[in-house]
Undergrad: 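Mind looking over this structure? Questions follow.
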2 protein chains.
Amino acid sequence: MLAFERREKILSTLYSDKKVFVAPLASTFNVTEETIRRDLEKLEREGVVTRNYGGATLNERTSEDLPYQTRNTINLEEKRVIAQLVPPLIKDGSSIMADTSSTVYEALQVLQQSKDHLTIITNSVSILQDFAFSSFDVFSTGGSLRKNSRSLVGPSAIRSVQQYNVDAAVVSCKGISMTQGIMDTNEPEADLKQYMQNQARQVILLVDHTKFGAVSLVKTFPFEQVDCLVTNKKPAEEWLDFFGQHGIDIIFPS
Amino acid sequence: MLAFERREKILSTLYSDKKVFVAPLASTFNVTEETIRRDLEKLEREGVVTRNYGGATLNERTSEDLPYQTRNTINLEEKRVIAQLVPPLIKDGSSIMADTSSTVYEALQVLQQSKDHLTIITNSVSILQDFAFSSFDVFSTGGSLRKNSRSLVGPSAIRSVQQYNVDAAVVSCKGISMTQGIMDTNEPEADLKQYMQNQARQVILLVDHTKFGAVSLVKTFPFEQVDCLVTNKKPAEEWLDFFGQHGIDIIFPS
DNA sequence: ATGTTATGCTCGCTTTTGAACGAAGAGAAA
DNA sequence: TTTCTCTTCGTTCAAAAGCGAGCATAACAT
């Protein structure tokens with residue numbers, strides 16, 4: 001048995017048991033404990049494990065092996081809380097429009113584990129990239145590639161969106177305000193979002209608590225179009241009243 | 001046994017066992033360990049394996065690593081030779097259709113360094129991904145995401161391609177034959193390629209020497225449509241005659 | 001003929017491993 | 001808490017295996 005094989009086996013033990021011990025490893029591989037220690041030392045240098053007295057434990061997922069989107073996401077915890085609330089709203093086999101937001105991305109990651117089959121129509125390059133090997137049917141809107149946000153926008157994307165009628169549009173935004181409505185930072189994406197909303201039987205808006213009352217550049221679509229709003233903590237009473245008046249189902253962790 | 005045969009056998013061992021060892025390979029092929037090491041070195045340069053002390057392991061596609069296209073490419077050296085020949089064919093400021101092939105991907109990498117501004121229309125997710133921060137204007141065709149090749153295909157992609165008229169289509173294929181024409185392995189991509197060719201003033205075909213005489217499943221478009229063919233080594237005389245008869249400029253390293 | 005590629009061979013360097021021994025840590029006993 | 005004992009660790013040395021660079025040779029292509 002070669003050194004790298006042994007280290008691979010140690011790693012696979014680590015993945016299943018989360019921890020390993022020097023002495024038993026030494027006897028199973030018929031090498032001295034010194035050798036095992038050196039193996040663990042190497043794995044530690046690579047950042048895979050943390051050594052401790054008598055053995056080593058697996059490092060939980062470092063940010064390196066997470067997908068691009070998740071790596072660069074701020075307020076990731078809040079977004080994951082929201083993502084966990086989405087599956088009950090979506091029926092198996094549904095068709096969904098998804099925008100470029102990281103909250104929607106995380107929601108799709110959760111849906112991937114809880115649904116057998118979904119059809120996703122998106123203008124997000126990250127979703128195309130990371131769900132290429134999923135069980136989803138994925139369609140791209142096409143369009144002009146908008147730098148820095150890796151979204152596809154423009155007239156071509158809009159025409160494309162209009163071809164589809166879907167069960168739900170799952171979208172996010174940059175800010176919501178009772179007087180100004182639902183807002184985004186840039187025109188092309190806000191524009192496209194409006195068309196997405198238009199083609200969907202049900203509109204699900206995902207917004208974390210930092211978006212409440214935040215004002216942003218461009219208005220997208222009015223609250224009347226929203227069927228369901230998912231957020232990460234219970235909003236203030238006036239917001240609950242406001243959503244009630246507009247017939248919006250509001251969902252937050254109990 | 002020829003060198004490339006040996007490397008192919010090593011590769012097939014790798015695909016079944018995930019790893020190989022220097023010493024046993026040397027004895028089964030009756031060559032020195034030096035030779036095996038050089039084989040593995042070459043495979044490592046191509047991004048197929050990772051070498052370790054005493055052997056090498058197959059690189060698994062974790063799907064999250066960045067240069068997916070490049071890692072997955074075999075004969076990368078040949079493709080890069082071809083890529084180097086492309087810039088003189090493209091004028092600064094041109095618009096280009098690019099397909100999903102790894103040769104075209106490499107050509108775009110080279111163009112990025114030698115041209116100020118280009119407009120790229122593509123059905124490749126990898127290109128969207130990796131050129132999002134380039135100086136190119138990138139447009140996606142949209143369409144249905146084809147798993148495993150990460151290409152966008154289908155009627156929606158075709159409609160989209162027909163919207164554009166470009167200076168050049170830069171495409172590759174799986175095989176060319178004097179009797180069968182230009183061929184590909186799958187229908188959706190072959191189909192789209194035909195429409196790409198149709199919208200371009202100039203059609204540039206990139207093919208490495210392994211494609212000559214190779215027969216594949218689906219015919220794409222006839223040789224009459226090709227304006228320029230770029231390859232990595234001088235083709236046989238009969239091919240040169242053949243290209244001459246069809247008015248195709250042939251380009252290879254001098 | 002000339003250049004390129006594949007291969008083998010040699011030599012010095014690096015990696016791996018085991019063995020030995022003192023240092024450091026953990027847990028039980030005082 | 002302090003001390004004692006046993007285990008575990010780190011360091012060092014030496015031997016063995018693997019490796020890379022350079023050179024020479026043969027086959028092949030141009």
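Order of the sequence lines sets the chain letters (A, B, ...), proteins ahead of strands, with each chain counted from 1.
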Undergrad: If you restrict it to nitrogen or oxygen atoms, what contacts under 3.5 Å exist between nucleotides 24-28 of chain D and the protein, and what is each distance?
TA:
none

Undergrad: If you measure only the distance, is there a donor-acceptor pair under 3.5 Å linking the side chains of B:Q109 and B:Y105?
TA: yes
Undergrad: Please check if the side chain of B:E106 supplies one atom and the backbone of B:A83 the other of a donor-acceptor pair under 3.5 Å.
TA: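 No.
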Undergrad: From NE2 of B:H209 over to P of C:dT5, roughly how many Å is that when rounded to an integer?
TA: 12 Å
Undergrad: Quick check: on DNA chain C, is the nucleotide nearest B:R6 upstream (toward 5') of the one nearest A:V31, or the reverse? Name the residue that is more 5'.
TA: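 Upstream on the strand: B:R6.
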Undergrad: If you look at every heavy atom in A:I36 and A:F29, which pair is closest and at what distance?
TA: CD1-CD1, 4.0 Å
Undergrad: List the residues meeting side chain to side chain donor-acceptor pair (under 3.5 Å) with A:R146, not counting sequence neighbours, and say none if there are none.
TA: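 Expected list: A:S149, A:E189.
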Undergrad: Heavy atoms under 4.0 Å is the rule here; annotate nucleotides 7-16 of chain D 5' to 3' with B where the base is hit, S where only the sugar-phosphate is, and - elsewhere.
TA: BBBBBB----
Undergrad: May I ask you to verify if any side-chain N or O of B:T35 is less than 4.0 angstrom from the OP1 or OP2 atom of C:dA6?
TA: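 Checking C:dA6 against B:T35, no side-chain N or O comes under 4.0 Å of OP1 or OP2.
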Undergrad: How close or far is atom C1' of D:dA17 from atom CZ of A:F4, stated in whole angstroms?
TA: 14 Å
Undergrad: Between B:D39 and B:K42, is there a side-chain N and carboxylate O pair less than 4.0 Å apart?
TA: no
Undergrad: In plain terms, say whether B:D184 and B:K193 are close enough for a salt bridge, that is, a side-chain N and a carboxylate O under 4.0 Å apart.
TA: yes
Undergrad: 5'-most contact on DNA chain C: A:T32 or B:R7, nearest heavy atom basis?
TA: B:R7
Undergrad: Using only atom types and a distance under 3.5 Å, with no angle test, would you say the side chain of A:T13 pairs donor to acceptor with the backbone of A:K9?
TA: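 Yes, A:T13 side chain to A:K9 backbone: donor-acceptor pair under 3.5 Å.
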Undergrad: What's the CG-P distance between A:L40 and C:dT17, to the nearest Å?
TA: 13 Å
Undergrad: With a cut-off of 6.0 Å (strictly less than), are more than 12 heavy atoms of other residues, nucleotides or ligands near CD of B:E187?
TA: no
Undergrad: Find the distance B:I36:CD1 to D:dG18:P and express it as a whole number of Å.
TA: 14 Å
Undergrad: Return the value, rounded to whole Å, for the distance between atom CZ of B:F29 and atom P of C:dT7.
TA: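 Atom-to-atom, B:F29 to C:dT7, this comes out as 11 Å.
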